[in-house]
Amino acid sequence: MLDLKLIRQDPDAVRAALARRGDEVARRLDAVIGLDGERRALIPRLEELRAQRNEAADTIARAKRSGEDATGAIAAQREAGAREKELSRELAEIEERLEAALAPLPNLPDSTAAPGPEDEVLRVAGDVPKLPFKPRDHLDLAGSMIDMEHAATMSGARFAYLKGDLVMVELALVRFALEKLRGHGFEPVVPPVLVRERALYGTGFLPDTEQQIYRLADDELFLVGTSEVALASLHDDEIVAVERLPLRYAGFSPCFRREAGAAGKDTRGIFRVHQFEKVEMFSFVEPDASTEEHERILAIEEEILSELDLPYRVVNISVTDLGNSAAKKYDCEVWLPSQERYRELTSCSNTTDYQARRLNIRVRREKKIAPLHTLNGTAVAVGRTIIALLENGQREDGTVALPDILAAYGAPAVLGA
RNA sequence: GGAGAGGUGGCCGAGCGGCUGAAGGCACUCGCCUGCUAAGCGAGUAUGGGGCUAAACCUCCAUCGAGGGUUCGAAUCCCUCCCUCUCCGCCA
């Protein structure tokens with residue numbers, strides 16, 4: 001949610017910022033400005049009427065108490081009441097339209113977000129393996145440890161059974177990530193994955209990505225596509241004392257995505273599936289600390305990738321590809337030998353005050369109260385990390401060497417031996 | 001799933017349909033006082049939105065789980081929903 005006061009004070013700056021996402025986006029601001037004007041024209045009229053009615057009600061009360069007749073005053077009140085109701089309805093209607101115009105507007109991009117249309121490669125790290133043989137893809141390498149046939153029969157396309165050693169790798173990855181994050185001050189959380197609409201609205205996934213979200217048939221509940229949704233709601237409607245910030249959480253949960261509109265894309269293996277597990281970072285920080293926190297989260301993502309010996313590059317995502325809530329986003333893309341290119345593995349966003357405004361999460365500094373800033377980032381997207389580990393650790397005989405660090409968390413040293 | 005109780009300010013808790021934005025207590029802040037890690041005294045301490053402002057102050061409106069309704073007037077009455085607790089049932 002954008003700040004109405006800012007829009008009012010400096011509409012040109014807001015319009016210019018939105019225009020970086022596209023001219024069409026910036027044009028949507030005009031409706032908001034118009035409705036805000038209507039609203040503020042109406043409010044003084046309504047409130048003056050209410051003040052008069054409140055005063056008249058007191059007069060009636062006093063008359064009643066002293067036993068006087070108030071029939072005339074009561075009749076007048078009844079009439080004023082009808083007018084009040086009318087104006088109230090009018091205001092409610094305007095506010096509803098204002099909300100409908102304002103809520104879908106995306107966050108203002110950070111000035112350092114990549115201008116687009118292309119993402120901006122910031123750096124390349126790690127060694128791309130020079131394989132003296134034709135690389136296999138993750139599905140070949142996993143063999144029976146990934147069973148998509150039975151998953152497809154049972155649940156449909158884009159589902160998988162993970163079996164045997166790969167399960168141990170998954171658990172090792174999760175444990176590795178959670179302990180690392182804890183060391184960085186993130187509190188581990190296993191959140192609910194079924195949520196009400198408000199949580200999705202509050203995080204900006206609604207109205208924006210509805211076609212991506214599973215909805216239950218018999219209950220007003222949705223399956224989250226990321227634990228970000230649940231972590232953001234942890235301080236829903238709170239005023240947090242500044243001394244408590246930053247608040248950092250590491251969520252571990254399954255994630256569910258419909259992948260509608262992705263038909264035909266990444267259909268082989270578990271790169272793009274409807275269900276996967278993920279360890280996610282989420283931070284609540286002071287407004288002027290979010291830029292630094294964003295770099296911090298990115299650094300943790302890179303630390304994890306380095307320790308897993310994965311070759312990757314960091315990209316600054318183009319403003320035209322930013323989700324609604326992000327002001328700036330970095331992706332870490334991992335090298336996949338079978339595809340001979342970098343693919344998205346982790347992602348971190350600074351959502352500034354966009355989600356906080358929607359979820360009504362504020363910080364109190366001295367006497368001042370203002371929306372705080374929230375950020376999120378992937379620590380480990382388990383499925384894709386497994387893909388990366390398999391492909392980059394593969395040997396000519398089809399076995400896979402896993403990074404040493406995972407052994408400490410229960411993963412085997414070699415897969416498929 | 002069945003039966004019942006309840007949701008009031010940071011917390012506890014009182015609230016007859018009008019004088020309650022809300023008693024009282026706790027906590028916190030500031031001041032006073034007291035020579036001994038505390039007590040006493042005084043004052044203050046919600047949020048959002050308008051207006052006026054450079055800002056503060058001030059002022060008005062709204063808010064007693066949420067949304068509707070009754071009424072001249074609702075924290076108080078009615079309806080729907082949400083949540084919490086207790087008992088029963090079921091269950092990993």
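A, B, ... follow the sequence lines: proteins, then strands. Residue 1 opens every chain. Since the structure is predicted, the reported quantities are computational estimates derived from the model, not experimental observations.
Across every strand in view, B/G17 sits unpaired, with no contact that passes the Watson-Crick or G-U test at under 3.5 angstrom. Base-pair partner of B/G44: B/C28 (Watson-Crick or G-U wobble, both distances under 3.5 Å). B/U80: Watson-Crick or G-U partner is B/A66, with both key distances under 3.5 Å.
The phosphate of B/U70 (OP1 or OP2) has a side-chain N or O of A/K85 nearer than 4.0 angstrom. Between B/G18 and A/N54, no contact under 4.0 Å exists linking OP1 or OP2 to a side-chain N or O. The shortest distance between the side-chain N/O atoms of A/R62 and the OP1/OP2 oxygens of B/C72 is not below 4.0 Å. The side chain of A/R78 contributes no N or O atom lying less than 4.0 Å from OP1 or OP2 of B/G73.
Among the protein residues, A/R244 comes within range of no part of the nucleic acid, since none of its heavy atoms lies under 4.0 Å from any strand.
If you check B/C72, B/C83, B/C60 against the side chain of A/I60, the one that comes closest is B/C72. The side chain of A/R53 lies closest to B/C72, out of B/C60, B/C72, B/C83. Nearest to the side chain of A/R40, among B/C82, B/G51, B/C72, sits B/G51. Closest to the side chain of A/Q77, out of B/G69, B/C72, B/G49, is B/C72. Distance from the side chain of A/R364 is smallest for B/A46 among the nucleotides B/G50, B/A46, B/U70.
Nearest-nucleotide positions on RNA chain B for A/D58 and A/A51 put A/D58 closer to the 5' end.
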